[in-house]
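Reading through the structure tokens given below for one structure.
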Amino acid sequence: MRTLENFSLLNHNTFGVDVTANYFVEYDNITELQQLLGSDLLKENKFFHIGGGSNLLFINDYEGVILHSQIKGKEISKESADHVWIRVGAGENWDDFVDYCVENQLGGAENLSLIPGEVGATPIQNIGAYGVEVKDIIQSVDCIEISTGKQKTFSNKECAFGYRDSIFKQGFRNKYVVCYVTYKLAKHYTPNVSYGSLSTEILNYKEVNIQTVRQAVIAIRKRKLPEPKVLGNAGSFFMNPIIAMEHFLQLQQLYPDIPSFHVSDKHIKVPAGWLIEQCGWKGKSIGKVAVHGSQALVLINKGGANGLDIIYLSDKIRESVKEKFNIDIIPEVNIIFG
Ligand code: EPU
């Protein structure tokens, strides 16, 4: 376990916002986490647990303790003729795990290639891309309850996954720390390439297999999404709004090209990137913050922006979308006030 004081979080948030935390603590295993949860440091200070910092926006210095898991390792916990169950430490890098699955011909994670962040965050926001959500491969999530230090394993069903959502963002928000996630991967797997841009990209490859799907997803992401080390960003800043079918049909009369994703008979998901682009924001800047020129859902820190600069642009975008389409777009990024 390591405890650092007055610690800069610059390398722990992909937006590249320069804030500090009073304390930054990294633990290596469950026993250390349990000790930490019972310690005076956490009783006397507020605390917040981060993962890879790829979905966070710090508004100001954090006057408390930032916790970070260094629980590492992956082990095959079960194997059948068709599947392999792998239990992975929360502190492992997500894309390293996807790479491991692809190298070992284990299917299910490849569409989620190159998503920045760590394993522990994957169930919390149910990461998703190119027609797959991580809930499709999560078997269970091993957690520690913050108030008691007791271990609890959540089944897939108990996680109550939804679009970028889970019980860990709702009723159990800040109540549990994720320590391990068990994924169920397929030994014989049919790649899923039905998602619009992936179905086109995959045509550039001779074969459709786990390796080429990973390569195709990486190619699309590199083209559309800025590299955080070069241009600070947190991926999609907003969630794609889910609206009533009647509202969508009215909008379709006015905008026949409006794209959509099926949700149910009564609801439909509209890409926020399209809404934002229609409002004229794509590629536009206010001060040190800009809307990315290749994907309007991504806000970028052009250098030296602070959290309030980013929120200012986000609020302006939300106002435009509300005014033009009567739709509220909600940030996907976790906004942290110190
Ligand atoms: N679109 C535009 N202009 C834009 C961006 C998008 O018109 O600037 C329209 C296009 O019609 C496009 C459609 O929106 O066909 C969908 O775009 P894209 O495939 O890029 O996906 P998205 O809905 O904008 C979501 C996820 C991404 C994920 C992609 C691919 C959310 C909030 N975002 O974006 O996730 O990579 O699908 O599956 O659901 C992330 O969460 O950080 C993230 C990058």
Side-chain angles (χ1 to χ4, degrees), residues 13-15 51-57 94-95 98 109-118 121-136 161-166 169 192-202 213-214 216-228 231-243 248 251-252 255-263 268-284 290-300 314 317-318 320-321 324-325 327-334:
N13 74 101
T14 59
F15 246 127
S54 55
N55 201 39
L56 285 181
L57 177 58
W94 167 252
D95 192 56
V98 177
E110 60 281 356
N111 292 46
L112 305 177
S113 286
L114 213 62
I115 295 183
E118 291 168 4
T122 63
I124 296 175
Q125 60 191 26
N126 183 22
I127 59 167
Y130 308 102
V132 170
E133 289 183 326
V134 76
K135 74 171 174 53
D136 303 336
F161 291 120
Y163 166 59
R164 293 293 193 276
D165 200 20
S166 74
K169 277 179 82 175
N192 172 357
V193 289
S194 52
Y195 188 88
S197 51
L198 181 56
S199 66
T200 323
E201 185 72 25
I202 198 72
V213 172
R214 173 162 167 81
V217 167
I218 289 176
I220 305 173
R221 290 189 72 97
K222 286 200 162 158
R223 216 166 40 234
K224 282 200 171 178
L225 300 168
E227 165 60 41
L231 270 180
N233 75 88
S236 301
F237 192 89
F238 301 100
M239 285 191 272
N240 287 333
I242 294 172
I243 63 172
F248 176 75
L251 290 173
Q252 209 176 28
Y255 309 97
D257 297 335
I258 183 169
S260 61
F261 302 109
H262 173 82
V263 173
I268 196 156
K269 190 155 57 172
V270 180
W274 184 87
L275 299 169
I276 296 167
E277 183 171 349
Q278 295 298 308
C279 292
W281 282 108
K282 198 165 182 171
K284 291 268 166 64
V291 179
H292 189 47
S294 310
Q295 163 54 291
L297 201 47
V298 177
L299 302 189
I300 51 181
S314 145
I317 293 170
R318 293 176 75 179
S320 301
V321 171
K324 192 171 171 85
F325 298 105
I327 295 177
D328 291 309
I329 53 169
I330 309 292
E332 192 219 357
V333 164
N334 208 347

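Throughout, residue positions are numbered sequentially from 1 according to the sequence presented. These numbers were taken from a predicted model, which means no experiment stands behind them. Order of listing sets the numbers, starting from 1, for every ligand and every atom in it.
- Taking a distance limit of 4.0 Å, we find that atom 5 (C) of ligand 1 is approached by some protein heavy atom.
- Side chains of Pro116 and Asp95 form no contact here, defined as non-hydrogen atoms less than 4.5 Å apart.
- Annotation for ligand 1: atoms under 4.0 Å from non-hydrogen atoms of Lys282 are 3 (N), 4 (C), 8 (O).
- Close approach of ligand 1 to Arg221 is summarised as follows: ligand atoms under 4.0 Å from at least one heavy atom of the residue are 36 (O).
- Some N or O of Ala296 is nearer than 3.5 Å to an N or O of ligand 1, by distance alone.
- For atom 13 (C) of ligand 1, a protein heavy-atom neighbour is found at a distance under 4.0 Å.
- Looking at Ile276 and Ile329, their side chains come closer than 4.5 Å, going by heavy atoms from C-beta outward.
- Summary of contacts: the protein heavy atom closest to atom 3 (N) of ligand 1 is Glu277 OE1, 2.6 Å.
- Among all non-hydrogen protein atoms, the one lying nearest atom 34 (O) of ligand 1 is Leu297 CD2, 3.8 Å.
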*asked:* Working note: His292 + Asn233, criterion side-chain contact (heavy atoms from CB on, under 4.5 Å); need CA distance, chi angles, decisive distance, verdict.
replied: CA-CA 9 Å; His292 189 47; Asn233 75 88; over 6 Å; no
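- Regarding atom 9 (C) of ligand 1, its nearest protein heavy-atom neighbour is Trp274 CB, 3.9 Å.
- Classification of the Trp274-Phe325 ring pair by plane angle, with boundaries at 30° and 60°, yields tilted.
- Proximity of His292 to ligand 1 is not established, as no heavy-atom distance is less than 4.0 Å.
- Looking only at heavy atoms of the protein, atom 42 (O) of ligand 1 is closest to Ser236 N, 2.8 Å.
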*Evaluate the side-chain contact (heavy atoms from CB on, under 4.5 Å) criterion for residues Arg318 and Asp328: first the C-alpha distance (whole Å), next the side-chain angles of each, then the deciding distance (0.1 Å), finally the verdict.*
CA-CA 7 Å; Arg318 293 176 75 179; Asp328 291 309; 5.6 Å; no
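- The heavy-atom pair separating Pro123 from Phe161 by the smallest distance is O-CE2, 3.2 Å.
- Side-chain contact between Val291 and Glu277 is absent, with no heavy-atom pair separated by less than 4.5 Å.
- Every residue two or more places apart in sequence or in another chain that forms a side-chain contact (heavy atoms from CB on, under 4.5 Å) with Lys284 is listed here: Trp281.
- Nearest protein neighbour of atom 18 (P) of ligand 1, counting heavy atoms only, is Tyr195 OH, 3.5 Å.
- Atoms of ligand 1 found under 4.0 Å from any heavy atom of Pro271, numbered from 1 in the order shown, are 13 (C), 14 (O).
- Ile243 has its side chain within reach of Leu251: a pair of non-hydrogen atoms, C-beta onward, lies under 4.5 Å apart.
- An N or O contact shorter than 3.5 Å links Arg164 to ligand 1 by distance.
- The shortest side-chain heavy-atom distance between Val298 and Leu225 falls under the 4.5 Å cut-off.
- Contact of the Phe238 side chain with the Val321 side chain is not registered, since no non-hydrogen atoms from C-beta on lie closer than 4.5 Å.
- Distances below 4.0 Å separate heavy atoms of Phe238 from the following atoms of ligand 1: 32 (C).
- Protein heavy atom closest to atom 23 (O) of ligand 1, with residue, atom name and distance, is Asn240 ND2, 2.8 Å.
- Which parts of ligand 1 touch Gly235 is read off a 4.0 Å heavy-atom cut-off, strictly below it: atoms 42 (O).
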Mind listing the side-chain donor-acceptor pairs of residues 126-134 below 3.5 Å, one per line with the distance, residues two or more places apart or on another chain?
residue	atom	partner	partner atom	Å
Asn126	OD1	Val134	N	3.4
Asn126	OD1	Lys135	N	3.0
Asn126	ND2	Glu133	OE1	3.3
Asn126	ND2	Gly162	O	2.8

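- Only the side chain of Tyr163 comes within 4.0 Å of ligand 1, judged by heavy-atom distances.
- Protein heavy atom closest to atom 11 (O) of ligand 1, with residue, atom name and distance, is Pro259 CG, 3.4 Å.
- Closest to atom 24 (O) of ligand 1 among all protein heavy atoms lies Gln295 NE2, 3.0 Å.
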